[in-house]
Every structure is written in C-alpha cells, then in structure tokens.
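Everything quoted here is computed from the prediction, not taken from an experiment.
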Amino acid sequence: ASAPVEADDDDEEEGGFSLCGGLGQVSGLALDSSDNLVIFHRGDHRWGVNSFDNNAKYQQQLLGPIQQSTILVVGPTKGNVLKASGRNMFYLPHGITTDEENNYWVTDVALHQVFKLSSDGRSQPLVVLGEAFEPGSDKEHFCQPTDVAVDSVTGNIYVSDGYCNARILKFSPEGKYLSHWGAGVRRIPFRIPHSLVFLPDKRELCVADRENGRIQCFVGESGEYVKEIKKPEFGGEVFAISYSPVQGGVIYAVNGESAFGHSAPVKGFVINYSTKEILDAFGPENKQRFGMPHDIVVTEDGHVFVGDAASDSIEVAVAQAHIPVATL
Ligand SMILES: O=C(N[C@@H](O)C(=O)O)c1ccccc1
C-alpha cells in the first residue's frame with residue numbers, strides 16, 4: 001500500500017480535507033460499518049472531453065491503470081487514512097458503496113465494469129460484471145455504469161447504467177442477473193442515471209436522474225415506479241443522492257453544473273421524502289461553493305460529506321434539518 005497520506009492542518013481549517021494532494025478527482029463516497037469515510041478517487045487520471053470516442057470506447061487504455069491507491073478509508077473527523085487499496089486496477093473510477101460485510105461495490109466508466117471487492121485489500125475481486133473496455137447494453141455489458149446500491153436485507157445489488165444507457169439492473173449478491181427497468185413517469189427515459197440509494201426502511205431504490213434534474217424512486221423488489229421529486233431549485237441537474245431514515249425519511253441531494261445549460265446555484269438539499277418539501281439547502285462548511293459535487297453521504301449522527309470531482313476534495317457540510325429532533 002502507498003505511504004499513508006494525512007490531511008493537512010490547513011485543510012482541516014477549511015472544514016473539508018483533500019488528504020494533502022493525495023486525492024485526484026473524487027468520484028465516489030461511501031461509509032463503512034464504523035461510519036468511516038470510504039473515498040473512491042482517480043489519482044492522476046482525469047475524465048476529459050477526449051477520454052472516450054463516439055462509441056463510448058475509452059481512448060487512454062495505454063496509460064495503464066491508476067497506480068495510486070484509489071480506495072481510501074479515512075476517519076470522518078481528521079481525514080487520517082486508515083486503509084488504502086485499489087492500486088493498478090482502475091482507469092476511471094466512478095461509484096462506490098459498501099455492503100453489510102464492508103465489501104466495496106464499485107463502478108469504472110472506462111472499463112464499463114462493476115466489481116465487488118473485499119475490504120481487506122485483496123486485489124482479486126469477489127465479483128466482476130461487464131466485459132473490460134467493452135460498452136454494451138445486454139445482461140453482460142454496461143455502458144459507463146455510474147453507481148451501485150445494496151439492499152442490506154437480501155444482499156441484492158442495483159446498478160445505474162449509465163452515461164450511455166438509461167436503465168437500472170438488479171443482480172444477486174453473487175452477480176446473477178435478476179431484472180432491469182427504465183424510467184418511470186410517462187416513460188421519459190433516464191438521462192444519465194448517475195447515483196443510487198437504497199431506502200432500507202421503505203425497501204425502495206431512488207435514482208438521481210441527472211440531466212432530467214429529478215429523483216425517481218421504485219419498489220426495490222419489482223422495479224415498480226413509486227414517486228418523483230423534481231424541484232426548480234435543482235436547476236435541471238441532480239448529480240447525487242443519499243438517505244437517512246430519521247424523521248420519517250430524509251433524502252439528501254446535490255445538483256451541479258451541466259453542459260446543457262444551468263440555472264441554479266450549486267447546492268446540497270435536504271428533502272422530506274414523504275412530503276417532498278425542501279427542509280434545508282447547504283454549501284460547503286468553510287468554502288465559497290462546491291465545484292462539481294459528485295457524491296454525497298450522511299453519517300448516523302448527521303454529518304454530511306460531499307465528494308467534489310472538480311476540486312479533488314471532500315467537503316464537510318452541516319445540514320440543519322438532519323439534527324435529530326431529540327437535540328433540538
Ligand atoms: O460528466 C462528466 N464527468 C463527471 O460526471 C465525472 O467526472 O464523473 C463528463 C461528461 C462528458 C465529458 C467529460 C466529463
């Protein structure tokens with residue numbers, strides 16, 4: 001493993017931390033069973049306008065895989081690195097989530113693959129889905145898959161596929177294809193299903209349908225459409241979502257800039273899942289604004305972390321509405 005990287009002192013003063021330059025584009029965030037932050041970043045690789053050809057084929061394979069550790073487990077307060085893994089495996093990391101055994105489920109948009117990795121750093125993946133560097137849209141191929149969500153009861157996983165497909169697929173914990181579906185309301189297709197969250201208390205899957213600027217939620221078991229949350233405050237894009245079961249269920253979302261024009265400040269939102277009311281809007285704790293907020297996680301005690309793919313950093317944010325009623 002590479003030498004541990006520590007957050008700079010000044011980084012901590014900013015409220016966020018960038019692990020003293022040890023981070024590349026932060027594409028994914030997850031939490032482990034101890035509420036440590038799990039960061040999935042791109043080291044010295046970047047997703048630029050020339051990274052893919054018109055057929056979504058990755059153009060920089062000759063660069064080889066990222067040599068830095070792309071998966072870092074860090075303490076949520078000081079940003080000290082507890083574990084580092086994921087070296088020489090990935091080309092363009094995207095999404096990451098953890099399952100009940102602290103395994104990592106990750107997606108790589110250059111490989112068009114989904115991996116299940118054990119968190120003890122063994123480099124041999126437990127499950128590999130998709131064919132390396134081969135985009136496609138059947139049961140064995142993805143096209144720039146963006147995220148994974150895990151149903152902690154059944155262990156089944158959901159894959160949002162992706163920048164160049166418009167569907168959600170469901171697999172068993174061992175990676176057996178179970179089902180797939182497209183978008184809900186009036187069959188307007190997803191436009192970059194970009195981030196997923198499973199709602200354990202409602203057994204629903206919610207999707208950040210990025211360029212449609214909406215969140216759509218489905219019954220996890222059947223894929224049946226349940227609801228849509230779309231707000232003018234999103235300004236046309238929703239990049240990432242997370243969820244906390246407190247107060248009847250609260251959705252956290254971040255919007256973002258997009259090539260298709262944008263008309264709202266880049267912010268985080270706290271939304272009452274049942275009423276769809278925006279309870280709070282927030283920016284980074286001690287920084288002007290988010291760059292490209294790309295993923296968001298919320299700890300049990302209400303700390304919000306946002307991974308920024310433009311400023312290669314993790315921003316800490318305080319969202320008022322999550323403070324459990326007991327402490328108000
Ligand atoms: O959205 C894009 N990237 C981010 O989401 C990301 O880096 O995951 C992107 C799209 C087209 C070209 C270049 C970048």
Side-chain angles (χ1 to χ4, degrees), residues 24-30 38-48 51-53 55-72 85-99 103-119 121-150 155-180 190 192-196 207 210 240 294-295 307 309:
Q25 287 184 311
V26 177
S27 63
L29 291 181
V38 186
I39 301 166
F40 198 27
H41 71 101
R42 297 178 179 151
D44 57 1
H45 284 203
R46 303 192 80 75
W47 183 349
S51 298
F52 293 89
D53 70 7
N55 301 313
K57 288 283 281 181
Y58 183 56
Q59 299 298 294
Q60 285 141 354
Q61 205 170 321
L62 293 180
L63 281 179
I66 298 164
Q67 295 181 329
Q68 295 100 315
S69 297
T70 57
I71 302 174
L72 302 175
S85 63
R87 297 180 60 192
N88 298 320
M89 295 180 73
F90 302 111
Y91 290 76
L92 278 180
H94 200 276
I96 186 167
T97 195
T98 54
D99 67 14
N103 297 307
Y104 307 136
W105 283 93
V106 299
T107 75
D108 183 309
V109 291
L111 286 167
H112 304 288
Q113 289 183 296
V114 174
F115 300 87
K116 178 181 185 180
L117 306 170
S118 67
S119 55
R122 272 206 314 267
S123 58
Q124 209 45 41
L126 301 171
V127 174
V128 180
L129 304 176
E131 185 182 346
F133 300 114
E134 285 306 316
S137 56
D138 57 20
K139 295 175 184 175
E140 283 85 36
H141 294 83
F142 306 108
C143 194
Q144 295 174 324
T146 53
D147 204 7
V148 179
V150 179
N156 291 337
I157 65 141
Y158 300 86
V159 175
S160 38
D161 177 39
Y163 283 84
C164 27
N165 278 336
R167 60 182 186 163
I168 306 297
L169 299 98
K170 182 176 168 185
F171 297 89
S172 74
E174 300 72 31
K176 178 176 176 294
Y177 168 86
L178 298 176
S179 64
H180 73 274
F190 292 135
I192 309 183
H194 193 253
S195 166
L196 296 176
V207 183
R210 176 169 142 181
H294 205 258
D295 204 356

When rounded to the nearest 0.5 Å, the distance separating OG of Ser85 from CG of Leu72 is 8.0 Å
Please report the shortest heavy-atom distance between Ala110 and Phe133, naming the atom on each side.
-> O-CD2, 3.5 Å
Residue Gln67 excluded, over 12 heavy atoms near CD under 6.0 Å | no
Checking side-chain contact (heavy atoms from CB on, under 4.5 Å) for the pair Val38/Ile71: CA distance, chi angles, key distance, verdict?
-> CA-CA 7 Å; Val38 186; Ile71 302 174; 3.8 Å; yes
Closest non-hydrogen atoms of Phe142 and Val159, given as atom of the first, atom of the second and distance, are CE2-CG1, 4.0 Å
Taking only residues two or more places apart in sequence, or in another chain, which ones meet Lys116 in a salt bridge (charged side-chain N to carboxylate O under 4.0 Å, His left out)?
-> none
Side-chain (Arg210) to main-chain (Pro193) donor-acceptor, under 3.5 angstrom = no
Taking side chain as C-beta onward, heavy atoms only, is Met89 less than 4.5 Å from Thr70?
-> no
How would you list, by chain and number, every residue that makes a side chain to side chain contact (heavy atoms under 4.5 Å, CB included) with Gln60, sequence neighbours excluded?
-> Ser51, Tyr58, Leu63
For the atom pair CG (Asp161) and OG1 (Thr107), what is the distance rounded to the nearest 0.5 Å?
-> 9.5 Å
Assess whether side-chain contact (heavy atoms from CB on, under 4.5 Å) is satisfied between Val127 and Trp105, documenting all intermediate values.
-> CA-CA 9 Å; Val127 174; Trp105 283 93; 4.3 Å; yes
Could you give the distance from CD1 (Ile157) to CD (Glu174), rounded to the nearest 0.5 Å?
-> 10.5 Å
Can you list the residues that meet the side chain to side chain contact (heavy atoms under 4.5 Å, CB included) rule with Pro173, with sequence neighbours excluded?
-> Asn156
Can you find a pair of side-chain heavy atoms, one from Tyr158 and one from Val207, that are under 4.5 Å apart?
-> no
Counting only N and O atoms by type, is there a donor-acceptor contact under 3.5 Å from the side chain of His94 to the main-chain atoms of Thr146?
-> yes
Please tell me if the side chains of Gln144 and His112 come closer than 4.5 Å, counting only heavy atoms from C-beta onward.
-> yes
Is there a donor-acceptor contact under 3.5 Å from the side chain of Gln59 to the main chain of Lys57?
-> yes
Which is it for Leu169 and Val114 under the side-chain contact (heavy atoms from CB on, under 4.5 Å) test, yes or no, and what are the steps along the way?
-> CA-CA 12 Å; Leu169 299 98; Val114 174; over 6 Å; no
Whether Ser137 side chain and Asn165 backbone form a donor-acceptor pair below 3.5 Å = no
Between Asp108 and Gln113, is there a donor-acceptor pair closer than 3.5 Å when you use the side chain of the first and the backbone of the second?
-> no
Point-to-point distance, once rounded to the nearest 0.5 Å, from CG of Asn88 to CD1 of Ile66 = 10.0 Å
Quick one: does Arg42's side chain have a donor or acceptor within less than 3.5 Å of a partner on Pro93's backbone?
-> yes
Of all heavy-atom pairs linking Phe171 and Leu178, the shortest is C-CD1, 3.6 Å
Start with the C-alpha gap between Val106 and Val148, add the side-chain angles, then the distance that decides, and say whether side-chain contact (heavy atoms from CB on, under 4.5 Å) holds.
-> CA-CA 7 Å; Val106 299; Val148 179; over 6 Å; no
Verify, without hydrogens or angle tests, whether Asp147 (side chain) and Leu196 (backbone) share a donor-acceptor contact under 3.5 angstrom.
-> yes
Check the pair Gln25, Ser27 against side chain to side chain donor-acceptor pair (under 3.5 Å), reporting the backbone distance first and the verdict last.
-> CA-CA 6 Å; Gln25 287 184 311; Ser27 63; over 6 Å; no
Taking atom NE2 of His41 and atom CD of Gln68, what is their separation to the nearest 0.5 Å?
-> 6.5 Å
Where do Tyr104 and Phe40 land on the ring pair (Phe, Tyr, Trp, His ring centres under 6.0 Å) test, with the steps shown first?
-> CA-CA 10 Å; Tyr104 307 136; Phe40 198 27; 8.8 Å; no
Are the aromatic ring centres of Tyr163 and His194 under 6.0 angstrom apart?
-> yes
Backbone of Tyr91 reached by a side-chain donor or acceptor of His45 within 3.5 Å = yes
Can you tell me how far OG of Ser119 sits from CG of Asp99, rounded to the nearest 0.5 angstrom?
-> 8.5 Å
Between Leu29 and Gly307, what is the shortest heavy-atom contact and its length?
-> CD1-N, 3.2 Å
